[in-house]
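Working notes, beginning with the structure itself.
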Amino acid sequence: MNLALALARARSAEEPGPDTPAGAAVPDWPGRAHCLPKAGPGELDLPRLLRLSLAAVDGAGRLRPAPSAGGRHPVDAQLVVGADCPLPPGRYGYDPLRHRAHALDPAPDDALPGATVELSVTARRTVSHYGHRAWPLLLLDTGHAAAALWLAAAALGTTPPILRLDGLAEHPLAALHFPPPVGARRGADAPTPRELLARRSARPPLTGTPSRDALRTVLATAVDASAGEVAWCAAVGEPSPELVELASDGTLRRLASGEARPTLGAWAAGQGWMADAGAILLGYGCPADSDAPRIRRAHLRAGFGVGLAQVAAGRRGLLSRPVGSWQRADLGAALGAAPGRDWIVHGLALGTPTQPSAGGTPHSLRSEEETP
């Protein structure tokens, strides 16, 4: 598969065809299924790590801590387990619907203590609905899954994982190694397990302009997480429509003036509700002449950045919804720069709550499906 051609087609105005069968929600992993035993002293808490990041919380498998385009959840995980882990050393396939691990192979000789989670995709699940627009979404979803694992480690206070989002390989697309705990503690700014399990993408409309301070924090989170692979700005409406970006001193500065949100909605598969969004975070870059590793790297990092930014938004009382499908979205050309250099890769629509439920959580947070 030529990823550059696939991305060019996904960015075009061509409409997807009718839906096709999605297939199984989980690979048919061979081998005996293991319950994930409780971690003992000095062991990586792998069961809770996976519960907070990848495990489904409903029988259909659509509700999970990591968001996914259309609720298709194409990302599959294999576990390479070494010493100091509740499971015996070996390679396992993870079943997120049943929270089980299937023994596949013995552990490789170079298996590190703790566990490495390798992320790959079953493309059919996303292709079934999005057709030729699927490949960018598959990569973004993988970045979101990596972010969910990263956030779970932070919530549990484990040693920070070693993250691989270099885009060099197709299988796995990403990997995170979690070493055994060595005196690590949950940071004061880390999300709680309850926050991660409660995270859902809000249903439109997402109105209400975030405060400048909240917007700056969410934007900074995405910038830091992206490691320079994509640039970030935000389209805002009130009180003065403009595009803003993060300045070197951490403040917001104007990138361009004028109303961008209706155009962004047209570029994002015709989602008109975005014209009234409080703000829309935009990750852009990945030129038209990018090779496959750069395409993978940009989309993985954009998904990772939005995954972390969505939690940062929720912690500041904002509603949010990832927006991953973009057509003809050449932001650089629209701003007067050379065409084909700065395409929108990912987005995050933001708004402020208007109708909390009796329990204090906005009703719209109960959506189980992500924006295309």
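Position 1 is the first residue of the sequence, and the numbers go up from there.
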- Partners of Glu15 by side-chain hydrogen bond (donor to acceptor under 3.5 Å, both in side chains), sequence neighbours excluded? none

- Query: Quick one: does Thr158's side chain have a donor or acceptor within less than 3.5 Å of a partner on Ala154's backbone?
  - Reply: no

- Taken to the nearest 0.5 Å, the spacing of Ile280 CD1 from Leu264 CG works out to 5.0 Å

- Item | With sequence neighbours excluded, residues passing side-chain hydrogen bond (donor to acceptor under 3.5 Å, both in side chains) with Thr217 | none

- Listed partners of His346 passing side-chain hydrogen bond (donor to acceptor under 3.5 Å, both in side chains), at least two apart: His144

- Note on the structure: dist His171:NE2 -> Leu119:CG (nearest 0.5 Å) comes out at 13.0 Å

- Quick one: closest heavy-atom pair of His102 and Gly31, and the distance? ND1-O, 3.1 Å

- Message: When you compare the side chain of Glu43 with that of Leu87, does any pair of heavy atoms fall below 4.5 Å?
- Response: no

- Item | His177 to Gly114 - nearest heavy-atom pair and separation | CE1-C, 4.4 Å

- Does the pair Arg212/Glu242 count as a salt bridge with the N-to-O cut at 4.0 Å? yes

- Query: Do side-chain atoms of Gln310 reach the backbone of Gly307 as a donor and acceptor pair under 3.5 angstrom?
  - Reply: no

- Task: Answer yes or no: is there a side-chain heavy-atom contact under 4.5 Å between Ile295 and Trp135?
- Result: no

- Using a 4.5 Å cut-off on heavy atoms from C-beta on, say whether the side chain of Val323 contacts that of Met274. yes

- Please identify each residue that fulfils ring pair (Phe, Tyr, Trp, His ring centres under 6.0 Å) with His34, with sequence neighbours left out. Tyr92

- Could you tell me which residues satisfy salt bridge (charged side-chain N to carboxylate O under 4.0 Å, His left out) with Asp109, sequence neighbours excluded, listed by chain and number? none

- Under a single-linkage definition using a 4.5 Å side-chain heavy-atom cutoff for Ile, Leu, Val, Met, Phe, Trp and Tyr, are Val81 and Val182 assigned to the same hydrophobic cluster? no

- Message: Holding to side-chain contact (heavy atoms from CB on, under 4.5 Å), I want the full list of residues that pass it with Asp330, two or more places apart in sequence or in another chain.
- Response: Ala333, Pro339, Trp343

- Query: Can you pull the ring-ring contact (aromatic ring centres under 6.0 Å, His included) pairs that have at least one residue in residues 209-233, sequence neighbours excluded?
  - Reply: none

- Item | Ser12 vs Arg9, side-chain hydrogen bond (donor to acceptor under 3.5 Å, both in side chains): CA-CA, chis, key distance, verdict | CA-CA 5 Å; Ser12 74; Arg9 189 181 176 197; over 6 Å; no

- Message: Hydrogens and angles aside, do Asp76 and Ser120 bring a side-chain donor and acceptor to less than 3.5 Å of each other?
- Response: no

- Is Asp28 atom CG crowded by more than 12 heavy atoms from other residues, nucleotides or ligands, each under 6.0 Å away? no

- State plainly whether the residues Asp213 and Arg216 are in salt-bridge range, i.e. N to O under 4.0 Å. yes

- Item | For Tyr94, ring pair (Phe, Tyr, Trp, His ring centres under 6.0 Å) partners two or more places apart | His99

- Item | Pro293 side chain near Glu170 side chain, heavy-atom distance below 4.5 Å | no

- Looking at residues at least two apart in the chain, or sitting in another chain, which of them share a side-chain contact (heavy atoms from CB on, under 4.5 Å) with Pro241? Glu259

- Message: Suppose we screen for side-chain contact (heavy atoms from CB on, under 4.5 Å). Which residues come up paired with Ala175, at least two apart in sequence or across chains?
- Response: Thr116, Glu118, Arg164

- So, the side chain of Thr192 versus the backbone of Glu195: is there a donor-acceptor pair under 3.5 Å, distance only? yes

- Message: I'd like to check the side-chain contact (heavy atoms from CB on, under 4.5 Å) partners of Asp289; sequence neighbours left out, ordered by chain and number.
- Response: Pro287, Arg341

- Message: Give me the atom names and distance for the closest heavy-atom approach of Pro191 to Arg186.
- Response: O-NE, 3.2 Å

- Rounded distance (nearest 0.5 Å) linking atom SG of Cys286 with atom CG of Leu7: 5.5 Å

- Identify the heavy atoms of Gly42 and Pro181 that sit nearest to each other, and give their distance. O-CD, 3.9 Å

- Message: I need the Leu165 CG to Leu163 CG distance, nearest 0.5 Å.
- Response: 4.0 Å

- Query: In terms of hydrophobic clusters joined by side-chain contacts under 4.5 Å, are Val75 and Trp150 together?
  - Reply: yes

- Note on the structure: Interatomic distance, OG@Ser68 vs CG@Asp141, rounded to 0.5 Å, equals 3.5 Å

- Task: Please identify each residue that fulfils salt bridge (charged side-chain N to carboxylate O under 4.0 Å, His left out) with Arg124, with sequence neighbours left out.
- Result: none

- Task: Using the rule that two of Ile, Leu, Val, Met, Phe, Trp, Tyr join whenever any of their side-chain heavy atoms come within less than 4.5 Å, decide whether Val223 and Leu350 are in one cluster.
- Result: yes

- Query: Measuring from Leu215:CG to Leu281:CG, what's the distance to the nearest 0.5 Å?
  - Reply: 7.0 Å

- Message: Please tell me whether Leu151 and Leu46 are part of a single hydrophobic cluster in this structure, the criterion being side-chain heavy atoms less than 4.5 Å apart.
- Response: yes

- Message: Count I, L, V, M, F, W, Y as connected when their side-chain heavy atoms are under 4.5 Å apart, and connections chain through other members. Are Phe304 and Leu49 then in the same cluster?
- Response: yes

